[in-house]
Amino acid sequence: MSEINITFPDDSVRSYGAGITGMEIAADISKSLAKAAIAVSIDGELSDLSLPIESDAKLEILKRDNEEALEMIRHDCAHVMAEAVQSLFPGTQVTIGPSIENGFYYDFARNDPFSTEDLEVIEKEMRKIVERGESFTREVWSRDEAIKFFTDKGEMYKAELIQDLPETEEIKIYKQGEWTDLCRGPHMPTTKHVGTAFKLLKVAGAYWRGDSNKAMLTRIYGTAWRDDKELKAYLMQLEEAEKRDHRKLGTEMDLFHFQHEAQGSVFWHPKGFTIYNQMEAYIRRRLNAGGYREIKTPQLIDNKLWEASGHWGKYRENMFVVPDEVPSTDDEGPIVSDKAFEKLMALKPMNCPAHVQVFKQGTKSYRDLPIRFAEFGCCHRNEAHGALHGLMRARQFTQDDAHIFCREDQITGESVAFCDLVKNVYTDMGFEDVRVVLSLRPDVRAGSDEIWDKAEDGLRQALIKTGLDFEEAENEGAFYGPKIDYQVRDAIGRTWQCGTLQLDFVLPERLDANYIGEDGAKHRPVMLHRAVLGSLERFIGVMIENYAGKLPLWLAPVQCVVATITSDADEYGQKVFAALQEAGLRAELDIRNEKINYKVREHSHAKVPVMFVVGAREAEEGTVAIRRMDSKDQPVEPLEKAIELLANQSKPPY
RNA sequence: GCCGCGGUAGCUCAGUGGUAGAGCGCGUCAUUGGUAAUGACGAGGUCGAGAGUUCAAUUCUCUCCCGUGGCACCA
């Protein structure tokens, strides 16, 4: 028997006979290690403890506290769930069940979908399987054998999976007791290693292989952790996230509402629209300073333009189409004639074609470039019903949109300026966690390789110069040009597409935009589509969740409430209120016949950042007691000083 | 669009084959109180819409609409 050298993380080396297993090595080191071991890492690759090791290797024995352990716990937990489901609901087919961020899921095929009540029963069964501590054992089967096995069992999805595995791939079968599954592995030694810190969370539908043309399966989501403490913390976090839901806060804070007559479109209330206006005004100042000029273009545009721009062909299913005909008021007959469908208009889903029209008015010289047209463009998109999600995904929304028309040699300069703008704006808004992705050329694309080289490098240099951390995504660019996407992470951990910078070599061509070059000939400008906030609606939604409704002072719909303690101070309260308004602050006066406790509680719930509390004493002295949200302090200051302080703190960041 | 769950008072939710309840909010009255709920009384609902079963439907069945968790989609 030949000897192999095993190198451990501390660089110590031990020799063993070839074919020794990870578990045997662990046992050789110590009994307690063997007990705690859940897997091995062989030359950086995770593997089963039971697998023989045949050659020299770097080896690490993994325990529950390793980073990788969580993933294994979740993966094993998915298997345990699948066994539980099949024992409780015979005839259910298993498909795939991976570990995911914070948990795992398993997709099942079954005629009657699971209900939420089933989860409890399944979870109970899972705990039994874990308690039994069945060993995970690994076997390698031949392809035909495996396909026959699963086909005979009626597991058509598994059989399909095996069919589609590459020829070179070993068909690995894992058993936990009696239960058998196709799986890449690795697994922990027994089901007992899963532990007890798991919980099934929800049932959902999911398409087989993520394809909406294929069968709809039932997915069960669960979460699993190392111990109950971690589980509890995660469940708390979910609860906290739910409390921050912008839709809930929007109702509570009286910011906006939705109703079914205008599904997917926002009814902004005065307070919500105050936030909206502040955001818009802020971006407008930023854009003005950045050399943009604001325009406004039509909402309703003839489909001829959408045909020319290419949207009619590729994007029509997301557009709202309107017949250009006077509707009939005859109650008996049809509202529009058959002919109406020959002449259609559409609500704009994007602003770009309209901006090109503005660019095309008059002759442009190379000296005019770059031209930066900005618009708070109200767009309508016919989103699928299931896609709608409060402010985050709406059917009508307003982009802080702009299009920059420039020469090729101006791409880099414009990109740098834009990246700077994005960085400054996000910093002002209080976002640290921003994901930046540079999407590069896809296989099918317009434009020469030279111009793609230039464009991609222009964007890359811009990101490097701005000092933004970014990742590159091969093949992910649009057919018309590369792009940079800026995604903000919200309170629930979801990332939302906000800003974007997209280079476009195609639209100027399609809509025949040109400028006169130095040489006196016509040239195509390059077009940069760009948005910083993306959609004002969505960005406000992200802001609400990020701040849990406690927006920074400059954005707070009501910045200060003047609350009187007794009616003796009403007159003085009026004076304080007037002074706040005079200073340009958004204030409210609360002289209701209520106790101060009640007023403080109510305005705290409403997330008003500052209260000026006034009673007889303050009226006498010309002062206010300043109470800030989440603070018990109540410093008393002279009225003028307090207002000056608040006015300074309420200044927008730009 | 697809699968699951839901729709009852302004909000949050309970409940029932014999046309409904709570808390908060709202209104009235009393209370003038120092930093997270003063008390009493009162008003308020075609129980999402339509159809069916039934002597009787908010409750059961079906269809539709909307919301919601996922999936697909997000050029």
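The structure displayed is predicted, hence computed values, not measured ones. Residue numbering restarts at 1 for every chain, and letters A, B, ... go by the order of the sequence lines.
A/I565 comes within contact range of at least one nucleobase, with a heavy-atom separation under 4.0 Å. If you check every strand for non-hydrogen atoms under 4.0 Å, A/A478 touches nothing. In this structure, A/E252 reaches neither bases nor backbone, as no heavy-atom distance under 4.0 Å exists between it and the strands shown. Residue-level contact check: A/H605 touches the bases, meaning some heavy atom is under 4.0 Å from a base atom.
Considering only the side chain of A/Y221, B/G70 comes nearest among B/A75, B/G70, B/G34. With distances taken from any side-chain atom of A/Y480 to the nucleotides B/A75, B/A36, B/G34, the minimum falls on B/A75. Of the candidate nucleotides B/C26, B/G67, B/C71, B/C71 has the atom nearest to the side chain of A/R219. Of all nucleotides listed (B/C74, B/G34, B/A36), B/C74 comes nearest to the side chain of A/R393. Comparing B/U32, B/A36, B/A75 against the side chain of A/D630 picks out B/A36 as the nearest. Listed candidates were B/G34, B/U38, B/A36. Nearest to the side chain of A/K595 is B/U38. Comparing B/G69, B/U32, B/C11 against the side chain of A/T251 picks out B/C11 as the nearest. The side chain of A/H260 has B/C66 as its nearest neighbour among B/C66, B/A36, B/U32.
The base of B/G34 is paired with the side chain of A/E618 by a donor and an acceptor separated by under 3.5 Å. Between the side chain of A/R538 and the base of B/C74, no donor-acceptor pair of N or O atoms lies under 3.5 Å. Between the side chain of A/Y598 and the base of B/A37, no donor-acceptor pair of N or O atoms lies under 3.5 Å.
Checked against a 6.0 Å centroid threshold, the rings of A/Y105 and A/Y221 count as neighbours. In this structure, A/Y486 has its ring center no closer than 6.0 Å to that of A/F431. Ring centroid separation for the pair A/F267 and A/H257 comes in under the 6.0 Å cut-off. The distance between the ring centers of A/W225 and A/F198 does not fall below 6.0 angstrom.
Mapped onto RNA chain B by nearest heavy atom, A/Y315 and A/A616 fall at different nucleotides, with A/A616 at the one closer to the 5' end.
Comparing the C1' positions of B/C29 and B/U68 gives a spacing of 43 Å, expressed to the nearest Å. The separation of B/A37 from B/G44, taken at their P atoms, amounts to 31 Å, rounded to a whole angstrom.
Sorted by residue number, the members of residues 198-212 of chain A with any non-hydrogen atom under 4.0 Å from RNA chain B read A/K202, A/V203, A/A204, A/G205, A/A206, A/Y207, A/G210, A/S212. Near RNA chain B, meaning a heavy atom under 4.0 Å from it, residues 376-383 of chain A has A/R381 in order of number.
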Original post:
What's the verdict on side chain to side chain contact (heavy atoms under 4.5 Å, CB included) for A/F273 and A/F256, showing C-alpha distance, side-chain angles and the deciding distance?
Top reply: CA-CA 8 Å; A/F273 202 56; A/F256 54 82; over 6 Å; no

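Dense packing is recorded around CG of A/D164, with more than 12 heavy atoms of other residues, nucleotides or ligands lying under 6.0 Å away.
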Original post:
For RNA chain B, what is the dot-bracket line, given that a base pair needs Watson-Crick (N1 to N3, plus N6-O4 or O6-N4) or G-U wobble (N1-O2 and O6-N3) geometry with both distances under 3.5 Å, and | means paired with another strand?
Top reply: (((((((..((((....[..)))).(((((.......))))).....(((((..]....))))))))))))....

